[in-house]
Amino acid sequence: MAETRFMKGNEAIAEAAIRAGCRFYAGYPITPQSELLEYMGAHMEAAGGTFVQGESEVASISMVWGAACAGNRAMTSSSGPGFDLKQEGIAYLASYEAPAVVVSMMRYGIGGGDITAGQDSYLQAAKGGGNGDYRLLVLCPNSVQECVDFTYQAFDLAEKYRNVVLILGDGAVGQMMQNVVLPDYVEPNINRYDWVIKGRAAGEKKNKATNLNWYMGDRPWEAHIREKLHRMQEQEQRWESYLVEDAELVYVAIGVSSRVAKQAVKMGRAKGLKLGLIRPITAWPFPRKAFEAVNPDVKGYMVVEMSIAGQMLEDVYGATQFSKPAYCCCTGIDIPVAEDVLARAEQALRGELEPEVAL
Amino acid sequence: MIQTLRKPDRIVQPCGFCGGCGHGVIQRLIAECLEELGISDRAINCVDIACCFWTLDGMDLDGIAGPHGRLPAVATGIKKTRPDDIVYIHAGDGASYTIGIAETVHICLRDVPVTMIVVNNGVFGMTGGQMSLGTTLLGQATTSTPRGRNESSNGSPGDFLQALSQFDFEFAARGALYSVKEINRTKQLIKKGFQNQMEKKGFSLIEVLSACPTNWHLSPVAANKRVEEVVAAQFPLRVYKDRGGMSDG
């Protein structure tokens, strides 16, 4: 029976995770996602699961590594410098191809940065971040309903590919409140996969949760990882396109910036400007296929992002193979404003902007 | 009574440890305890990524490795998921008392019913014998303190087991391996740690003083003599805490 509730993005992620069968959560408080941890603290036990407030982000992701390898649906969440600290454990999860869900509600800045919304963990999220050649399947919600839907799907996707799925939101999406429809409860089964670690009788094949190449052999393992990543790259590109077929300039944005960019498209269209939007729902794999439907005579793309120098820009150039100019509307610490985003597009279309150099 | 010595069932391949190293003895004691208590079928081996890593394949158990120092956290995730399984940690002093001290402190505070065996050999063995900040003795030469550990540059070692035993958890004790008597006593400590877990009691921490002849540049006999005469004087062998009231005999 579908249930509707008025919720914050951070809380919605936690509730959706519990409904998806997540029975282990460990995390360390950090703004702007602490409500997620608090929600788990309030509700996980009643669902029969375990909530641990970790002594650090490093310990929290290590607990998730243990719980996930033991067969649990496990999750942790953080932001900014806390997400940095998760990288060690995420790489360990990747080394055994253990499925887990990690949430990063991005905040602004470098190093400690600031506690307000930002989008500059994009590269770290989309390109890796820990040791080794792995990728995360990165889902980018831009509404509270998507916080629910993507988190709910994330556990299935993580297990389908035996890969960490990252919910990459931002402080604004985490803090906004909307009505959401909540899905039904899934009851987890910690013994459903043959790769889990548990007590086993003599004579049974034993599992060793560590680098898989030691047991598969280096070359077969490399081929296996390569094949999986390419399969994910082909099958999991997700996006929303808005009015791109005749557009002269197409915004590319995720999270809160995509909401503002969509508004700018509408305002531009009302003035007769042919603007469009590609909203990557997966930051990895980046939805290159979305660019195939764009007007072939499009004059350029514009990344709208709360960053300093444009992090998604290189993915846009990659998707277009540098065939079109790309511009940035980087707002740094500020949430973009539709009027400014529109004005920036008008500048680009008038030829007043140099294409942005991808660093 | 005549007893035939035999390899415990759950040790399935040569361990790979250096001659005279205590890790292999500890691995055997663990396997013997699991077998004697009838809990081998429920056991999960959590190893740190240093020398103890060898036991991952040596033990015929499901196992998990690293990250370095994080095993108390890793084991917490496993035990909370599988409370009826017997979850134990086999880790070194560098992992447990230096890089992973926060994790060790917090498994004590949370009193998670896990059995943790810390092998204290006073050096970073796997990486070539560097100083272990918590346990390398003053004056001891290591590859990162070639003229001996001095207090002004490196601080002093500390008795972490004693310090941790101030917290409210089940069991903390220190054993050694330099004589048959001490090996047997250490086995009883490890067994107690597993029994606590079987009885759904709290966290058990057993530290074992161990020789590292390779990195100490001593023969196995001389290295064991050093444990007995020098190391055990700094790190006393005794039961530090036992909520269940184990005597120190």
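Chain naming here is simple, since letters A, B, ... match the order of the sequence lines and numbering starts at 1 in each. It should be emphasised that the depicted structure is a prediction, and the values quoted were computed from it without experimental measurement.
To the nearest 0.5 Å, the span separating CG on B:L61 from NZ on A:K206 amounts to 7.0 Å. Considering CE of A:M63 and NE2 of B:H106, their distance stands at 8.5 Å, rounded to 0.5 Å. Taking OG1 from A:T210 and CG from B:L56, the interatomic distance works out to 6.0 Å, rounded to the nearest 0.5 Å. Rounding to the nearest 0.5 Å places CG of B:D41 at 8.0 Å from CD of A:E204. Separation of atoms OH (A:Y92) and CZ (B:R70) is listed at 9.5 Å; rounding is to 0.5 Å.
Neither the backbone nor the side chain of A:S95 comes within less than 4.5 Å of any heavy atom in chain B. No part of B:I86 comes within reach of chain A, as not one of its non-hydrogen atoms sits under 4.5 angstrom from that chain. Interface residue A:Y215: only side-chain heavy atoms are found under 4.5 Å from chain B. Contacts between A:A202 and chain B at a heavy-atom distance below 4.5 Å involve backbone atoms as well as side-chain atoms. Residue A:R200 touches chain B through both its backbone and its side chain, counting heavy-atom pairs closer than 4.5 Å. Within the 4.5 angstrom heavy-atom criterion, only backbone atoms of B:A43 (N, CA, C, O) approach chain A.
Annotation: side chain of A:E55 is not in contact with side chain of B:L109 (no heavy-atom distance under 4.5 Å). Annotation: side chain of A:V196 is in contact with side chain of B:R82 (closest heavy-atom distance under 4.5 Å). For the pair B:E103/A:V58, a side-chain contact is recorded, criterion being any heavy-atom separation below 4.5 Å from C-beta on.
Among A:R23, A:K205, A:K208, the residue with the largest count of heavy-atom pairs under 4.5 Å with chain B is A:K208. Ranked by heavy-atom pairs under 4.5 Å with chain A, the first of B:D9, B:D57, B:V12, B:I39 is B:D57. Among the candidates B:V105, B:L71, B:D60, B:T76, the residue making the largest number of heavy-atom pairs closer than 4.5 Å to chain A is B:D60. Of the residues considered (A:S60, A:G49, A:A59), A:A59 shows the highest number of contacts with chain B, using heavy-atom pairs under 4.5 Å.
A donor-acceptor contact shorter than 3.5 Å is absent between the side chain of A:W65 and the backbone of B:I64. Side chain of B:D85 to backbone of A:K198: no donor-acceptor contact under 3.5 angstrom is found. The closest donor-acceptor contact from the side chain of B:D62 to the backbone of A:N207 lies under 3.5 Å.
The two residues B:I44 and A:G199 make their nearest non-hydrogen contact at CG1-N, 3.9 Å.
No more than 12 heavy-atom neighbours from other residues, nucleotides or ligands sit within 6.0 angstrom of OH on A:Y28. At most 12 non-hydrogen atoms from other residues, nucleotides or ligands lie less than 6.0 angstrom from CG of A:N131. Surrounding CG of A:L85 are more than 12 heavy atoms belonging to other residues, nucleotides or ligands, all under 6.0 Å away. Residue A:R192 places its CZ atom among more than 12 non-hydrogen atoms of other residues, nucleotides or ligands, all under 6.0 Å distant.
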